[in-house]
Amino acid sequence: MADLLTSAGIPGVDHVYDTMLPSGEHASVTTTDVLVTDVVETFDDYGSDVSTTKQRTVALNIFYGTGSSANADTVEDFLVSFLSMHGWACVYSPGHTIDPDTSQLSKVMQFTNLKNRKE
């Protein structure tokens with residue numbers, strides 16, 4: 001998923017990371033970053049006692065940089081549209097939060113897709 005989002009050229013997003021954010025000198029609150037994490041995978045639709053589909057849900061943790069000109073509505077609308085075109089549906093999108101230490105705006109969005117499994 002991180003590679004797909006990196007290739008998308010999300011307007012205003014500086015970096016897309018898979019699983020964890022960098023620490024130390026690479027950590028920044030001034031850039032707008034997206035962290036992709038797994039939420040759940042389920043195996044469904046059984047035939048002959050074997051699951052035939054896999055549903056995957058991922059979370060996109062969006063951290064808007066304090067020095068960034070990224071527009072939250074633009075970023076989030078782009079993500080929903082782009083991922084919809086690639087077979088993902090937004091299933092969870094609560095409001096924004098502000099980190100009390102850094103004043104950084106953030107949001108978590110969850111997307112899911114269903115794929116047929118290959119035997």
Side-chain angles (χ1 to χ4, degrees):
M1 169 68 84
D3 291 338
L4 177 65
L5 293 177
T6 299
S7 71
I10 306 163
V13 171
D14 299 297
H15 306 102
V16 177
Y17 298 105
D18 190 18
T19 310
M20 63 186 302
L21 293 170
S23 59
E25 66 186 61
H26 299 291
S28 174
V29 296
T30 60
T31 60
T32 296
D33 302 322
V34 175
L35 173 64
V36 180
T37 57
D38 289 323
V39 175
V40 68
E41 287 183 348
T42 58
F43 297 91
D44 299 308
D45 301 326
Y46 287 81
S48 300
D49 292 330
V50 176
S51 66
T52 58
T53 60
K54 177 172 85 170
Q55 184 167 354
R56 180 179 178 206
T57 303
V58 297
L60 303 185
N61 303 271
I62 309 165
F63 302 96
Y64 293 98
T66 56
S68 173
S69 61
N71 179 291
D73 288 335
T74 301
V75 170
E76 294 157 23
D77 287 346
F78 181 91
L79 287 170
V80 170
S81 296
F82 178 78
L83 290 173
S84 291
M85 289 187 299
H86 288 84
W88 293 83
C90 185
V91 293
Y92 181 71
S93 181
H96 296 91
T97 59
I98 297 176
D99 185 296
D101 296 325
T102 65
S103 299
Q104 191 173 18
L105 182 70
S106 66
K107 180 168 179 116
V108 176
M109 300 175 78
Q110 291 185 6
F111 292 84
T112 190
N113 87 337
L114 182 67
K115 287 194 173 188
N116 289 326
R117 289 189 59 227
K118 296 178 183 175
E119 293 186 31

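Remember, predicted model here, so these are calculated numbers, not experimental data. Values below: all heavy atoms of this structure, side chains included; hydrogens, waters and symmetry mates excluded.
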Colleague: Nearest 0.5 Å please: distance from the NZ atom of Lys54 over to the CG atom of Asp44.
Modeller: 12.0 Å

Colleague: Just so I know, are the side chains of Val80 and Phe111 near enough to count as touching, which here means a heavy-atom distance under 4.5 Å?
Modeller: yes

Colleague: If only atom types and distance count, is the side chain of Thr30 paired as donor or acceptor with the main-chain N or O of Gly67 below 3.5 Å?
Modeller: no

Colleague: With a 4.5 Å cut-off on side-chain heavy atoms, are Leu83 and Leu5 touching?
Modeller: yes

Colleague: So which atom in Gly12 and which in Ser68 form the shortest heavy-atom distance, rounded to 0.1 Å?
Modeller: O-OG, 3.9 Å

Colleague: As a test of understanding, state which of Asn61, Leu35, Ile62, Thr97 forms a side-chain contact (heavy atoms from CB on, under 4.5 Å) with Val108.
Modeller: Asn61

Colleague: Check for me, please, whether Leu114 and Met109 land in the same ILVMFWY cluster - side-chain distances under 4.5 Å, paths through other members count.
Modeller: no

Colleague: Which pair of non-hydrogen atoms, one from Ser51 and one from Arg117, has the smallest distance, and what is that distance?
Modeller: OG-NH1, 2.6 Å

Colleague: Measure the shortest side-chain to side-chain distance between Tyr92 and Val39 over non-hydrogen atoms and say whether it is less than 4.5 angstrom.
Modeller: no

Colleague: Are the side chains of Ile10 and Thr32 in contact, using a 4.5 Å heavy-atom criterion?
Modeller: no

Colleague: Which heavy atom of Ala70 sits nearest to which heavy atom of Val75, and what is that distance?
Modeller: CB-CG2, 4.3 Å

Colleague: Linking I/L/V/M/F/W/Y whenever any side-chain heavy atoms sit under 4.5 Å apart, do Leu4 and Val34 land together?
Modeller: yes

Colleague: Is the side chain of Ser81 donor-acceptor paired with the backbone N or O of Asp77 at a distance under 3.5 Å, no angle test?
Modeller: yes

Colleague: Is there a side-chain contact between Thr52 and Asn116 (heavy atoms, below 4.5 Å)?
Modeller: no

Colleague: Can you give me the closest heavy-atom contact between Ser103 and Thr66, atom names plus distance?
Modeller: O-CG2, 4.0 Å

Colleague: Contact between Leu60 and Val36 at the side-chain level, heavy atoms closer than 4.5 Å - yes or no?
Modeller: yes

Colleague: Go through the steps for Arg56 and Lys115 under the test side chain to side chain contact (heavy atoms under 4.5 Å, CB included), then give the verdict.
Modeller: CA-CA 8 Å; Arg56 180 179 178 206; Lys115 287 194 173 188; over 6 Å; no

Colleague: Between atom CE of Met1 and atom OG1 of Thr37, what is the distance when rounded to the nearest 0.5 Å?
Modeller: 10.5 Å

Colleague: Decide whether Val16 and Leu105 are clustered together by the hydrophobic rule: side chain heavy atoms of Ile, Leu, Val, Met, Phe, Trp, Tyr closer than 4.5 Å, transitively.
Modeller: yes

Colleague: To the nearest 0.5 Å, what is the distance between OG1 (Thr112) and CH2 (Trp88)?
Modeller: 6.5 Å

Colleague: When the ring planes of Phe82 and Phe78 are compared, do they come out parallel, tilted or perpendicular, using 30° and 60° as the limits?
Modeller: parallel

